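Model, not experiment: these values are computed from the prediction. Whatever order the structure lists ligands and atoms in, that order sets their numbers, starting from 1.
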Amino acid sequence: MKVLVINGSPHIHGCTATALDEVIGVLNAEGIETELVQLGNKDIRGCISCGTCEKKGSCVFEDLVNETAKKFEEADGLLVGSPVYYGSPNGTVLSFLDRLFYSTPFSKHMKVGAAVVSCRRGGNTATFDVLNKYFSISGMPIATSTYWNMVHGFTAEDVRKDLEGLQTMRNLGRNMAFMIKAITAAKEKEGLPKVESSAFTSFPDGK
Ligand SMILES: Cc1cc2nc3c(=O)[nH]c(=O)nc-3n(C[C@H](O)[C@H](O)[C@H](O)COP(=O)(O)O)c2cc1C
């Protein structure tokens, strides 16, 4: 069982990384393997809605998105961390997730998703909501904790003083591990729930 972890911050050892480390420590202690992708310091462009992925099964731009897609396909869970920039996930995270989720044809059904956000002062819940929407449109159950998954700080040192934030991360790790184990067992026993996908209505007739 494996969780793919994305650090959306350009700071490899910053606030977001400190929060993610706390979750990773628990996941590993629970026997869940993790692989960390450093995203935030990469040059990632946004989706251009070219439709190439619909034919090719991968993004037209050969970069970290397509590299990560293979890892995401194999993973049982996805943990995404983002710093808050103007009340939202940072631009790199948004560009990356738009392209990763849109361009990949494989099913994400029942892969467990979790978002973690880091802010100095505000915009954390709006950022958290944006990240969770990638999971909830993809049939991915969302792991939760004892508070919304956030830490506060401008530096990693600040985050290490956010004891409740770190506690929230550890509880998130335990819940995520439990969900992955439970879903893995249920999949073996019952298979995945049926998915209907033939309807695609956008009301072109104006009704
Ligand atoms: C461009 C930019 C915008 C930011 N906007 C916000 C914000 O809206 N709210 C906030 O509390 N902090 C904001 N911050 C501060 C960071 O989100 C915060 O310090 C975060 O914990 C840094 O995480 P990191 O060390 O993982 O990069 C902003 C920082 C930058 C560089």
- [ ] Kindly indicate, with the supporting measurements, whether the criterion side chain to side chain contact (heavy atoms under 4.5 Å, CB included) is fulfilled by Arg99 and Asp63.
- [x] CA-CA 11 Å; Arg99 288 176 48 219; Asp63 63 8; 2.9 Å; yes

For [X], the ligand 1 atoms whose distance to one of its heavy atoms is below 4.0 Å:
X	value
His11	24 (P), 25 (O), 27 (O)
Gly87	8 (O)
Gly153	18 (C), 19 (O), 20 (C), 21 (O)
Arg121	10 (C), 11 (O)

Task: Over 12 foreign heavy atoms within 6.0 Å of CZ, Phe106 - done: yes

- [ ] Decide if atom NE2 of His13 counts as having more than 12 heavy atoms of other residues, nucleotides or ligands within a radius under 6.0 Å.
- [x] no

Taking [atom] as the reference point, the nearest protein heavy atom with its distance:
atom	answer
atom 14 (N) of ligand 1	Val84 O, 3.3 Å
atom 12 (N) of ligand 1	Arg120 N, 3.4 Å
atom 25 (O) of ligand 1	Cys15 N, 2.8 Å
atom 5 (N) of ligand 1	Tyr86 N, 2.9 Å
atom 24 (P) of ligand 1	Ser9 OG, 3.3 Å
atom 3 (C) of ligand 1	Tyr85 CA, 3.5 Å

Open item on the list: My understanding is that we take every heavy atom of each candidate and find the minimum distance to atom 9 (N) of ligand 1. Doing that for Gly123, Gly122, Cys119, which one comes out nearest?
Closed with: Gly122

Open item on the list: Check whether Phe135 forms a cation-pi arrangement with Lys133 (NZ or CZ under 6.0 Å from the six-membered ring centre, at most 45° off the ring normal).
Closed with: no

Task: Approximate separation, where rounding is to 0.5 Å, of Met169 CE and Ile24 CD1 - done: 12.0 Å

Open item on the list: Can you confirm whether Phe61 sits close enough to Arg45 that some side-chain heavy atom of one is under 4.5 Å from a side-chain heavy atom of the other?
Closed with: yes

TODO: Kindly write out the residues that satisfy salt bridge (charged side-chain N to carboxylate O under 4.0 Å, His left out) with Arg120, not counting sequence neighbours, or none if the list is empty.
DONE: none

Task: Aromatic ring pairing Phe101/Tyr134, orientation class (parallel under 30°, perpendicular over 60°, tilted between) - done: tilted

